[in-house]
Q: 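Structure provided below as structure tokens; questions to follow.
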Amino acid sequence: MYRYEEKGIKMGQVIILEETTKKPVTLMGCRAGICWGSDITDQQKNYKRGLDCLAAGHGRVMEYVSVEMVLDGYSARVIREWYTHLGGAPTRLQASTRYINYDKFAYVIPPSIASDEKACARYEHMMREISDTCKYLETECGIAREDAAMLLPLGMQTKIVDKRNLRNLADMSRQRMCGRAYHEYRAMFQDICDALRKVSAEWELLADTVFAPKCEILGYCPEKKSCGRMPKRQEGKGTSASIH
């Protein structure tokens, strides 16, 4: 069981793996330099060239930057949304339902429920019932564990090992850092940004400049029901921004 709040308490853990690109801006500049016939032996020039690519919106070089990480302790609901955000050849492996400990399977309790004593008690009771029933089906009835696991809710915690590139993460941030995105997803994406900041100064730069909700990129909110962070687009005005 894990109670979380959007602010203050982390709901899960992000582990950045060793294979993640350490100097993403420098790598982008190096890859662009190869095609431009530039000197790629000078790392400072590569770094500056990478910054130029970002400023110009040349997103294709972002696809050379690899991010490999473990997302552990977030709800199956959020992870399901995470790995269905395809593009840029992401891939992932998820914890199998065959290996879940039904006696004490981990789950999250949303803040709105955790703050209500009666609602929280009922929520926890239901989780215990699910756990007991899964165990009964397997041990007393001989039901295969993966079939008994169909009872498990989307609120259960899960773990994945994930690989994707910077361009995919940047694109994802447009939606998932939006004030109207699901609160757990927003918090998880912030955890990812915080973890990447610790990898290198270049990642800190990217986390602070490249990852942003779409309203900050567009200069207005395109949503029908705005959170109020940015003014809504006026009819007939505004242009769409893209990374090419």
Side-chain angles (χ1 to χ4, degrees), residues 2 4 6 9-28 31 50 54 59-101 105-108 110 146 149 152-178 180-214 217 243:
Y2 198 104
Y4 71 86
E6 187 171 0
I9 301 176
K10 288 186 178 296
M11 70 191 85
Q13 181 182 23
V14 177
I15 302 171
I16 304 300
L17 299 175
E18 181 67 25
E19 292 75 13
T20 296
T21 304
K22 301 300 185 298
K23 294 184 176 181
V25 180
T26 301
L27 177 66
M28 288 188 287
R31 296 297 179 266
L54 288 173
R60 190 160 296 171
V61 292
M62 298 166 68
E63 294 176 12
Y64 288 95
V65 177
S66 178
V67 179
E68 297 196 35
M69 57 189 162
V70 176
L71 304 178
D72 185 14
Y74 301 95
S75 72
R77 172 182 180 174
V78 162
I79 293 301
R80 180 176 176 273
E81 290 187 38
W82 173 266
Y83 66 63
T84 53
H85 192 110
L86 301 177
T91 188
R92 85 287 178 272
L93 295 172
Q94 184 170 6
S96 172
T97 54
R98 293 184 178 184
Y99 304 107
I100 292 171
N101 181 352
F105 76 82
Y107 57 90
V108 300
E146 56 265 38
L152 293 171
L154 288 175
M156 61 173 283
Q157 288 183 11
T158 190
K159 176 192 291 188
I160 65 170
V161 56
D162 184 86
K163 182 182 187 301
R164 60 190 64 233
N165 63 51
L166 174 59
R167 191 178 194 179
N168 180 263
L169 282 176
D171 179 70
M172 191 184 301
S173 73
R174 306 292 179 259
Q175 291 296 114
R176 304 310 180 180
M177 295 182 80
C178 171
R180 299 191 66 244
Y182 185 56
H183 53 81
E184 187 187 355
Y185 208 128
R186 292 202 307 269
M188 184 179 73
F189 203 94
Q190 188 58 56
D191 289 345
I192 292 169
C193 290
D194 291 342
L196 285 171
R197 284 188 181 97
K198 298 175 182 178
V199 174
S200 67
E202 292 191 17
W203 272 113
E204 186 173 6
L205 171 70
L206 294 176
D208 292 340
T209 58
V210 172
F211 299 150
K214 56 183 178 287
I217 303 300
I243 295 177

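Worth knowing before you read on, the calculation uses all heavy atoms, side chains too, and leaves out hydrogens, waters and symmetry mates. The residues of the chain are indexed from 1 along the displayed sequence. Since this is a predicted model, take the numbers as computed values, not measurements.
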Q: Can you tell me how far apart CG (Asp191) and OH (Tyr74) are? Round to the nearest 0.5 Å.
A: 3.5 Å
Q: Would you say that Asp208 contacts Glu204 through its side chain, given a criterion of any heavy-atom pair below 4.5 Å between the two side chains?
A: yes
Q: Can you name the residues that form a side-chain contact (heavy atoms from CB on, under 4.5 Å) with Gln175, not counting sequence neighbours?
A: Lys214
Q: Checking Met28 against Leu54 for the side chain to side chain contact (heavy atoms under 4.5 Å, CB included) test, could you report, in this order, the C-alpha distance in whole Å, the side-chain angles of both residues, the deciding distance, and whether it holds?
A: CA-CA 9 Å; Met28 288 188 287; Leu54 288 173; 4.0 Å; yes
Q: Going by the rule side-chain contact (heavy atoms from CB on, under 4.5 Å), which residues pair with Ala181 if we only count those two or more places apart in sequence or in a different chain?
A: Arg186
Q: Decide, yes or no, whether a salt bridge links Arg197 with Asp194 under the criterion of side-chain N to carboxylate O below 4.0 Å.
A: yes
Q: Yes or no on side chain to side chain contact (heavy atoms under 4.5 Å, CB included) for Val67 and Thr21, after CA distance, side-chain angles and deciding distance?
A: CA-CA 7 Å; Val67 179; Thr21 304; over 6 Å; no
Q: Tell me, do Asn165 and Val65 make a side-chain contact under 4.5 Å, heavy atoms counted?
A: no
Q: Run the side chain to side chain contact (heavy atoms under 4.5 Å, CB included) check on Val70 and Lys159 step by step: do they pass?
A: CA-CA 7 Å; Val70 176; Lys159 176 192 291 188; 3.9 Å; yes
Q: Would Glu19 and Ser66 satisfy side chain to side chain donor-acceptor pair (under 3.5 Å), going step by step from the backbone distance to the final call?
A: CA-CA 8 Å; Glu19 292 75 13; Ser66 178; over 6 Å; no
Q: Nearest 0.5 angstrom please: Arg164 CZ to Trp82 CH2, how far?
A: 5.0 Å
Q: Going from CG on Leu27 to CE on Met62, what distance comes out if it is rounded to the nearest 0.5 angstrom?
A: 12.0 Å
Q: Show the nearest heavy-atom pair for residues Lys22 and Trp203, with the distance to one decimal.
A: O-CD1, 3.9 Å
Q: Donor-acceptor check, side chain of Thr158 to backbone of Ser75, threshold 3.5 angstrom: yes or no?
A: no
Q: Closest approach of Pro153 and Met156, non-hydrogen atoms and distance?
A: O-CG, 3.1 Å
Q: Return the set of residues passing side-chain contact (heavy atoms from CB on, under 4.5 Å) with Glu81 (not counting sequence neighbours), or none when no residue passes.
A: Arg77, Arg176, Tyr185
Q: Give the minimum heavy-atom separation between Met188 and Leu71, together with the two atoms involved.
A: SD-CD1, 4.2 Å
Q: To the closest 0.5 Å, what do you measure between CG (Leu166) and CG (Leu196)?
A: 9.0 Å
Q: Would you call Lys23 and Glu202 a salt bridge, taking side-chain N to carboxylate O under 4.0 Å as the test?
A: no
Q: Can you sort out the partners of Thr209 under side-chain contact (heavy atoms from CB on, under 4.5 Å), two or more places apart, ordered by chain and number?
A: Leu205
Q: Return the CG to CG distance between Leu206 and Leu169, rounded to the nearest 0.5 Å.
A: 10.5 Å
Q: List the steps and the verdict of side chain to side chain contact (heavy atoms under 4.5 Å, CB included) for Met69 and Ile15.
A: CA-CA 5 Å; Met69 57 189 162; Ile15 302 171; over 6 Å; no
Q: Applying side-chain hydrogen bond (donor to acceptor under 3.5 Å, both in side chains), name anything that partners Arg80, two or more places apart in sequence or on another chain.
A: none
Q: What are the two closest heavy atoms between Cys193 and Ala207, and how far apart are they?
A: O-CB, 4.2 Å
Q: Mind checking the CE-CZ spacing from Met177 to Phe211? Nearest 0.5 Å is all I need.
A: 8.5 Å
